[in-house]
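Since the model is a prediction, treat every value here as computed from it, not as a measurement. The analysis underlying the following values was restricted to heavy atoms, covering all of them including side chains, and did not include hydrogens, waters or symmetry mates.
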Amino acid sequence: MGLDKTVASAAEAVADIPAGATLAVGGFGLCGIPGTLIDALWQRGVGGLRVVSNNCGVDDWGLGLLLAAGRISRMTSSYVGENKEFARQYLSGELEVELVPQGTLAERLRAGGAGIPAFYTPAGTGTQVGEGGLPWRYTADGGVAVASPPKETREFGGRPYLLEEAITTDFALVRATVGDRHGNLVFRSSARNFNPLAAMAGRITVAEVDHLVEPGELDPDEVHLPGVFVQRVVRVTPGDPAAERRVERRTVRQEGAVR
């Protein structure tokens with residue numbers, strides 16, 4: 001492949017993701033999600049996916065498409081969000097869910113990309129996050145089939161800390177506003193969120209970009225994620241419905257309302 005990491009289509013970019021693969025997926029809510037790549041993976045029909053992402057989209061968009069089709073077997077997330085199907089599958093025992101404090105999830109992804117196997121954090125000490133017993137999977141009748149194990153603890157400066165393991169995945173799917181053929185990426189505003197972290201954690205990282213530029217066009221100081229973390233780049237087709245930027249919960253002021 002050389003230094004030109006571009007591929008012709010989203011379908012080609014995800015063609016080798018097998019059933020049962022682990023995926024790190026960027027985005028926060030619906031902001032910055034790699035919708036084109038998710039749609040291409042949904043169309044492939046592979047299942048048993050174990051996904052690490054801040055949340056699981058909504059019922060009819062983003063990762064919610066894969067979830068509704070029964071393609072996701074396990075989620076590692078910080079919250080359920082606006083996805084009722086996510087909650088239903090979790091509570092009925094159809095889906096295994098590891099809920100992780102949001103900052104801890106971010107650092108576990110970053111650590112995985114940086115080659116750090118584990119780290120200590122105060123987040124979750126004195127709770128089931130550290131002591132274990134959080135339901136990962138329920139039984140159909142509401143019992144706990146799989147619970148989280150206790151974490152190793154250690155004191156630093158008289159304060160307890162939990163040992164958290166880093167996360168690495170087989171693949172990562174992310175979205176950037178600009179990328180070059182070498183895989184250097186620039187994210188737009190809040191769409192930066194979990195995207196760089198997810199990209200770092202993937203052994204093979206696929207980035208969809210709104211604008212593809214030639215090497216040298218990006219000022220090095222503008223690059224948010226260097227191409228060393230990215231193996232494939234695909235340009236989003238203008239007007240592609242799968243790349244639509246949806247608003248998770250639209251809130252507007254009523255006409256004539258007092259500010």
Side-chain angles (χ1 to χ4, degrees), residues 19-35 37-39 41-43 45-109 123-124 127-151 164 167 169 171-175 190-191 193-195 197-198 201 242 244-251:
T22 55
L23 299 175
V25 182
F28 186 105
L30 296 183
C31 179
I33 65 170
L37 294 172
I38 292 171
D39 183 70
L41 189 58
W42 173 71
Q43 292 190 44
V46 294
L49 300 171
R50 294 168 291 162
V51 180
V52 181
S53 189
N54 184 60
N55 58 289
C56 198
V58 295
D59 290 312
D60 63 345
W61 202 247
L63 287 171
L65 294 173
L66 293 172
L67 187 71
R71 311 274 176 77
I72 298 177
S73 63
R74 190 179 198 274
M75 282 295 306
T76 301
S77 302
S78 75
Y79 77 114
V80 174
E82 301 291 320
N83 196 323
K84 294 180 181 179
E85 179 63 12
F86 187 174
R88 188 199 67 77
Q89 289 191 22
Y90 174 43
L91 295 175
S92 65
E94 299 173 26
L95 176 70
E96 187 168 306
V97 177
E98 179 185 2
L99 291 174
V100 182
Q102 197 166 84
T104 300
L105 180 61
E107 183 62 9
R108 288 178 67 186
L109 290 165
T127 73
Q128 284 185 302
V129 171
E131 296 169 359
L134 279 173
W136 278 1
R137 182 184 288 276
Y138 286 101
T139 60
D141 61 1
V144 177
V146 181
S148 65
K151 298 183 187 299
E164 292 281 0
I167 293 174
T169 58
F171 292 85
L173 307 179
V174 300
R175 180 167 184 168
S190 58
N193 54 56
F194 274 80
N195 276 299
L197 307 171
E244 178 187 351
R245 291 187 177 90
R246 290 192 180 183
V247 177
E248 188 170 359
R249 178 177 289 186
R250 187 180 300 276
T251 304

Ignoring hydrogens and geometry, is there a side-chain-to-backbone donor-acceptor pair from S92 to R88 under 3.5 Å? yes
For A145, is there any backbone N or O sitting under 3.5 Å from a side-chain donor or acceptor partner on T139? no
Any side chain to side chain donor-acceptor pair (under 3.5 Å) pairs touching residues 62-71, not counting sequence neighbours? none
Would you confirm whether T127, through its side chain, and V129, through its main-chain N or O, come within 3.5 Å as a donor-acceptor pair? yes
Within the side chain of R175, is there an N or O that forms a donor-acceptor pair under 3.5 Å with the backbone of G32? no
Could you state the interatomic distance from CD (E98) to CZ (R74), rounded to the nearest 0.5 Å? 4.5 Å
Indicate yes or no for a side-chain donor-acceptor contact from N83 to the backbone of V80 under 3.5 Å, with no hydrogens or angles considered. no
List the residues meeting side chain to side chain contact (heavy atoms under 4.5 Å, CB included) with A191, not counting sequence neighbours, and say none if there are none. C31
Might you point out which heavy atoms bring L105 and S78 nearest each other, and give the distance in Å? CD2-N, 4.0 Å
Which residues satisfy the side chain to side chain contact (heavy atoms under 4.5 Å, CB included) test with Q89, sequence neighbours excluded? L67, E85, E94, L95
Please enumerate all residues that pass side chain to side chain contact (heavy atoms under 4.5 Å, CB included) together with S148, with sequence neighbours excluded. L134, W136
Between the CD atom in Q43 and the CD1 atom in I38, the distance rounded to the nearest 0.5 Å is 12.5 Å
Donor-acceptor contacts under 3.5 Å from residues 20-30 side chains, at least two apart:
| from | atom 1 | to | atom 2 | distance (Å) |
| --- | --- | --- | --- | --- |
| T22 | OG1 | D170 | N | 2.7 |
| T22 | OG1 | D170 | OD2 | 3.1 |

By side chain to side chain contact (heavy atoms under 4.5 Å, CB included), Y138 pairs with (sequence neighbours left out) Y90, L91, P135, V144
Separation between CG (L99) and OG1 (T76), nearest 0.5 Å, reads 9.0 Å
Report the distance from atom CG of D39 to atom CD1 of I33, rounding to the nearest 0.5 Å. 10.5 Å
